[in-house]
Amino acid sequence: PSATPCAFLDGGDGDTDHHNGLFMIDGYLVMPWAPEWADGGISVFDFSNACSPKRLNTVETVAMRETHATGLSQHAGRWVAVPHLKGISFWDISDVTTPVFGSTLELPGVFYPDAYARVVMSLFWQAPYVYVAGADNGLYIVDATDPLSPELVATYNFEVPLRAGGIFAVGNLLAVSAAEGTRTALLDISDPTAPAPIPGGTFEVTDETGTPREVYHSHLNGDKLWYARKGGGGGLIVYDIKNTSAPGYLGGNSPPNSNGGYVFVKDQQAFVGESNFGDVFDVSNPSDVKLEHTFHLQSDGDLTTDPGDFDTLIPLGNIVIA
């Protein structure tokens, strides 16, 4: 991998350089950008030449919060759902290059300025339902059959406190991990609006010694949960959830001075933002995770300036976006 960036992405004059998770649709690169204190925009790039991206459009947003996750649905047209200061918002992306605001659903108990306690941390859209992780508020389940008129249909509170951060719906499984905590809960959503705890499916994330470790965010890929381990080591922790009633530690790696961050998985590699740098791990054998490469936000050789908070390292084909 090259340690030197070949291009930089910028959303325009109002871009505060608080960039969030990016994604591809129809060959276009979509970059939501919003700081924790909201507003910002959605920028769309021609990414046919990744080292010479062309910004085609930026649409300014009001009260869109840092998008730890973006939901996508083609259930009733083509839409994305993003976090909002008071709940979630829906955008029509029928024309990807011109996102059009659709609606906002305010959720009870969600408020700002606290960035962790009572806010929407992330969401997952398994159409027609949007599953929303509301930190200490628990979960919200939204029926978005009509994204212009979404409806809150259920809430869920954990028996044992869990600051809901990462949330992933896959078929009948809903996985929820704590933000800056050690707990994960696996829920049965065979009834989509009535999550039920899976016996044995609530557990503490530990390292190889069995010591509970806080994670910043998580990722569900295949039959495994991947965690960006928070301070006190940072790095990656991998859990096997093939048997949802008996999740188990598989492996991990904790490089010096690391502090996750978010984690994404592509093929046999895991990509973790570590605050001060980004790491790529070889996970072809999850019980023997190997550090493969480290990226820096600075140009090659310039490791003296403050690069900001390096949280996400996102793989797209043969490109990574830091």
Side-chain angles (χ1 to χ4, degrees), residues 68-69 71 81 83 87-88 105 107-110 116-144 150-207 210-230 237-252 262-263 265 286:
H68 301 116
I88 59 175
L105 176 64
L107 297 171
V110 172
Y116 286 92
R118 303 283 179 185
V119 294
V120 171
M121 293 296 289
S122 64
L123 53 83
F124 198 101
W125 197 345
Q126 182 166 262
Y129 298 103
V130 182
Y131 294 91
V132 182
D136 292 347
N137 289 330
L139 307 182
Y140 303 90
I141 302 172
V142 174
D143 184 342
E151 179 185 0
L152 176 64
V153 291
T155 59
Y156 179 87
N157 292 304
F158 296 92
E159 291 183 7
V160 178
L162 187 161
R163 177 166 283 180
I167 188 166
F168 308 91
V170 182
N172 291 336
L173 174 65
L174 187 69
V176 185
S177 66
E180 300 195 353
T182 60
R183 189 173 294 275
T184 293
L186 304 180
L187 307 173
D188 181 347
I189 52 170
S190 50
D191 179 344
T193 62
I198 294 174
T202 297
F203 59 95
E204 299 278 343
V205 178
T206 72
D207 61 17
T211 304
R213 293 293 182 184
E214 287 191 348
V215 300
Y216 195 81
H217 209 73
S218 60
H219 181 72
L220 195 158
N221 185 292
D223 55 7
K224 299 174 183 65
L225 272 168
W226 311 78
Y227 298 97
R229 179 172 153 177
K230 197 171 170 283
I237 293 177
V238 188
Y239 259 70
D240 183 350
I241 60 165
K242 186 178 296 181
N243 181 349
T244 53
S245 290
Y249 174 88
L250 267 182
Y262 297 82
V263 54
V265 176

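Numbering of residues begins at 1 and proceeds along the displayed sequence.
Ionic pairing of Arg183 and Glu204 is present here: one or more N-O contacts between side-chain nitrogen and carboxylate oxygen are shorter than 4.0 angstrom. Between Lys224 and Asp240 there is no salt bridge, since no side-chain N of the basic residue sits under 4.0 Å from a carboxylate O of the acidic one.
Between Ala169 and Gln126, the closest heavy-atom pair is O-OE1, 3.4 Å. Closest of all the heavy-atom pairs between Ala69 and Pro83 is O-CD, 3.6 Å. Residues Gly87 and Val110 come closest through the heavy atom pair N-CG1, 3.9 Å. Between Ala164 and Ala133, the closest heavy-atom pair is O-CB, 3.7 Å. Val238 and Pro286 make their closest contact through CG1-CB, 4.3 Å (heavy atoms, listed as atom of the first residue, atom of the second, distance).
To the nearest 0.5 angstrom, Thr184 atom OG1 is 6.0 Å from Leu225 atom CG. Separating the CG atom in Leu187 from the CG atom in Asn172 is a distance of 12.0 Å, to the nearest 0.5 Å. Here Leu186 contributes atom CG and Ser245 contributes atom OG; the two are 8.5 Å apart, rounded to the nearest 0.5 Å. In this structure, CG in Asp207 is found 5.5 Å from CZ in Arg229, a value given to the nearest 0.5 Å. The CG atom of Leu250 sits 9.5 Å away from atom OH of Tyr239, with the distance rounded to the nearest 0.5 Å.
Between Tyr131 and Ile189 the shortest side-chain heavy-atom distance falls below 4.5 Å. In this structure, the side chains of Pro108 and Leu152 come closer than 4.5 Å at one or more pairs of heavy atoms. The shortest side-chain heavy-atom distance between Val142 and Val153 does not fall under the 4.5 Å cut-off. In this structure, the side chains of Lys242 and Pro247 stay at 4.5 Å or more apart for every pair of heavy atoms. Under the 4.5 Å side-chain criterion, counting only non-hydrogen atoms from C-beta, Val176 is in contact with Leu162.
For the side-chain contact (heavy atoms from CB on, under 4.5 Å) with Leu139, the lone residue among Asn157, Thr155, Ile167, Val132 that qualifies is Ile167. Only one option out of Leu174, Val170, Val265 pairs with Leu220 in a side-chain contact (heavy atoms from CB on, under 4.5 Å); it is Val170.
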| request: Take Leu107 and Val120 through the test side chain to side chain contact (heavy atoms under 4.5 Å, CB included) and record every step on the way to the result. | output: CA-CA 9 Å; Leu107 297 171; Val120 171; 4.3 Å; yes

| task | Could you please spell out the steps behind the side chain to side chain contact (heavy atoms under 4.5 Å, CB included) verdict for Thr211 and Thr206? | result | CA-CA 5 Å; Thr211 304; Thr206 72; 5.7 Å; no

| task | Please report the C-alpha distance between His219 and Tyr262 in whole Å, then the side-chain angles of each, then the deciding distance to 0.1 Å, and finally whether the ring pair (Phe, Tyr, Trp, His ring centres under 6.0 Å) criterion is met. | result | CA-CA 8 Å; His219 181 72; Tyr262 297 82; over 10 Å; no

| said: Run the salt bridge (charged side-chain N to carboxylate O under 4.0 Å, His left out) test on Arg163 and Asp136 for me, step by step, so that the C-alpha distance in whole Å, both residues' side-chain angles and the decisive distance to 0.1 Å come before the verdict. | reply: CA-CA 5 Å; Arg163 177 166 283 180; Asp136 292 347; 2.7 Å; yes

| task | Check the pair Thr202 / Val160 against side chain to side chain contact (heavy atoms under 4.5 Å, CB included), numbers first and verdict last. | result | CA-CA 9 Å; Thr202 297; Val160 178; 5.9 Å; no

| Check against side chain to side chain contact (heavy atoms under 4.5 Å, CB included), Tyr140 and Ile88 | CA-CA 10 Å; Tyr140 303 90; Ile88 59 175; over 6 Å; no

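A donor-acceptor contact shorter than 3.5 Å links the side chain of His68 to the backbone of Met121. Side-chain atoms of Glu180 do not come within 3.5 Å of backbone N or O of Lys230 as any donor-acceptor pair. Side-chain N or O atoms of Asp223 include none that pairs as donor or acceptor with a backbone N or O of Ile241 at under 3.5 Å.
In this structure, Phe158 and Tyr156 have perpendicular ring planes: the angle between them is above 60°, well past the 30° mark. Aromatic ring pairs are classed by plane angle as parallel below 30°, tilted from 30° to 60° and perpendicular above 60°; the pair Tyr227 and Phe203 is perpendicular. Ring geometry for Phe124 versus Phe168: interplanar angle over 60°, hence perpendicular rather than tilted (30 to 60°).
Taking Ala127 as the reference, Ser73, His75, Trp125 meet the side chain to side chain contact (heavy atoms under 4.5 Å, CB included) condition, with sequence neighbours excluded.
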